[in-house]
Amino acid sequence: MLIQSPNFNIQQIADSGQCFRMNKINENQYSLIAYSKYIVLTQIDSDKVEINCSEEEFEEVWKDYFDLEYNYQQIVDNLTNGQDTFLKAAAEYGNGLRILKQEPFEMLISFIISQNKNIPAIKRTIEKLCIKYGSLIENELCGGIETYAFPTPESLAGARLEDLRETGLGYRDAYILRSAQSVVNREIDLTKLRTLNTDEVMKHLTKLHGVGVKVANCVSLYGLHHIENAPVDVWIARVLKEIYQNKFDWKKYEGIAGIIQQYMFYYMRNHT
DNA sequence: CCCCAGGCACAGA
DNA sequence: TCTGTGCATGGG
């Protein structure tokens, strides 16, 4: 499947900190595991991406996953024509970013793991968790490398704490176990959170052990596609303080704060 | 060896 | 409600 879009850059998305299972395999080529599927993405041109999957699978999964119906160019245009010089530069720099629609449970567990870890360490831990608790993905594209889906809530809820610890989770092992159990025994219904407003979503998610405001925001944005809310991590906090002297007005970007946050994060973290 | 990482729970004020 | 602190582990 060949996708044409002025705002679809797989390198930028892979390095945007929102997903942890998208990896460079060649120049202009990335692998991605999501929804128990494996695909290879190739950046053919600045506005063309080849996805190695059937049209049926594209329509069913990836069109939605990459949020391809949404017009990011409109936002980029508004920022590059606007008064804010930092966001102007950030939007130009990260104009191929999109907010992915990832699996809520995977986001919950992944961002619990993310606390107090850097991104390479997060990715390593997640891969170990998938190898140990995920099911094997059958796809010839994997090229002989055993590839595993993200674990189901049931598989993690039934794990032993000391086995979880072996995957490098550290003190987060109990957070993972208890959160998975909360999903399985329906103390929380992640898919139902899609329809609630941001305050309600945050209230429910932060009840989970090991889930604070930051992690909840990431689950909300990347797993439930609440693009109106913006996670504030150390990088965004740095932007708000150093660039805006803590006077940034999120209300200017009501409804799309999560997307604005993504341009900020990617620019601050990656540009030299 | 050092410091820090897309934070959190918990204790004490 | 706010601030400080310990936390397991690995990358740089």
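In this text the structure is predicted, and so the values were computed from the model without any measurement. Letters go in sequence order (proteins before strands), and every chain restarts at 1.
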Determine the Euclidean distance between corresponding C1' atoms of C/dG6 and B/dA5; express it in Å to zero decimal places. 16 Å

Identify whether any heavy atom of A/Phe111 sits under 4.0 Å from a base atom; if not, whether one sits that close to sugar-phosphate; answer base, sugar-phosphate or nothing. nothing

Does A/Tyr222 reach a base, just sugar-phosphate, or nothing at all? Heavy atoms under 4.0 Å. base

A/Lys207 NZ to B/dC8 P, in whole Å, measures 17 Å

Using OP1 and OP2 only, check whether a side-chain N or O of A/Arg178 sits under 4.0 Å from B/dA9. no

What is the nucleic acid contact for A/Gln262, judged by heavy atoms within less than 4.0 Å: base, sugar-phosphate only, or nothing? base

Would A/Arg21 and A/Glu106 pass as an ion pair if we require N to O under 4.0 Å? no

Using whole Å, report how far CH2 of A/Trp235 lies from P of B/dG7. 11 Å

Could you give the distance separating B/dA9 and C/dG10 at their C1' atoms, to the nearest angstrom? 22 Å

What integer number of Å spans the P atoms of B/dC3 and C/dT5? 16 Å

Rounding to an integer number of Å, can you tell me how far A/Asp173 CG sits from B/dA9 P? 14 Å

Tabulate atom names and distances for all N/O pairs under 3.5 angstrom spanning the protein and nucleotides 8-11 of chain C.
residue : atom : partner  : partner atom : Å
C/dA8   : O4'  : A/Tyr171 : N            : 3.2
C/dA8   : N6   : A/Asn116 : ND2          : 2.9
C/dA8   : N1   : A/Arg172 : NH2          : 3.4
C/dG11  : OP1  : A/Arg124 : NE           : 2.9
C/dG11  : OP1  : A/Arg124 : NH1          : 3.4
C/dG11  : O4'  : A/Asn118 : ND2          : 3.2

Rounded distance in Å - NE2 (A/His209) to C1' (C/dC7): 12 Å

Could you check A/Phe20 against A/Phe111 for ring pair (Phe, Tyr, Trp, His ring centres under 6.0 Å), going step by step and ending with a plain yes or no? CA-CA 10 Å; A/Phe20 303 106; A/Phe111 280 99; 5.3 Å; yes

Nearest-Å distance, CG (A/Leu208) to P (B/dC8)? 12 Å

For A/Phe248 and A/Tyr253, take the angle between the two ring planes, folded into 0 to 90°, and tell me which bin it lands in: parallel under 30, tilted 30 to 60, perpendicular over 60. parallel

Just verifying a value: how many Å separate A/Tyr222 OH and A/Leu100 CG, rounded to the nearest 0.5 Å? 9.0 Å

State, with a plain yes or no, whether a side-chain heavy atom of A/Leu208 is found less than 4.5 Å away from one of A/Ile112. no

Applying a 4.0 Å non-hydrogen cut-off, can you work out what A/Leu221 is touching in the nucleic acid: base, sugar-phosphate, or nothing? nothing

Comparing nearest nucleotides in DNA chain B, the 5'-proximal residue of the pair A/Val211, A/Ser16 is A/Ser16

Have a look at A/Gly210 and say if it touches a base, only the backbone sugar-phosphate, or nothing, with a 4.0 Å heavy-atom cut-off. sugar-phosphate

Test applied, side-chain contact (heavy atoms from CB on, under 4.5 Å); reference residue, A/Leu41; option that passes from A/Ile3, A/Ile10, A/Asn28: A/Ile10

Within the structure shown, what part of the strands sits under 4.0 Å from A/Ser110 by heavy-atom distance: base, sugar-phosphate, or nothing? nothing

Can you tell whether the side chains of A/Arg165 and A/Asp173 come within less than 4.0 Å, N to carboxylate O? yes

Atom pair distance, as rounded to whole Å: CD1 in A/Ile236 and C1' in B/dG7: 15 Å

Can you give me the closest heavy-atom contact between A/Tyr133 and A/Ser155, atom names plus distance? O-OG, 3.5 Å

Could you tell me the separation between the CZ atom of A/Arg269 and the P atom of B/dA5, rounded to a whole number of Å? 11 Å

Report the distance from atom CG of A/Asn217 to atom P of B/dG7, rounded to the nearest whole Å. 13 Å

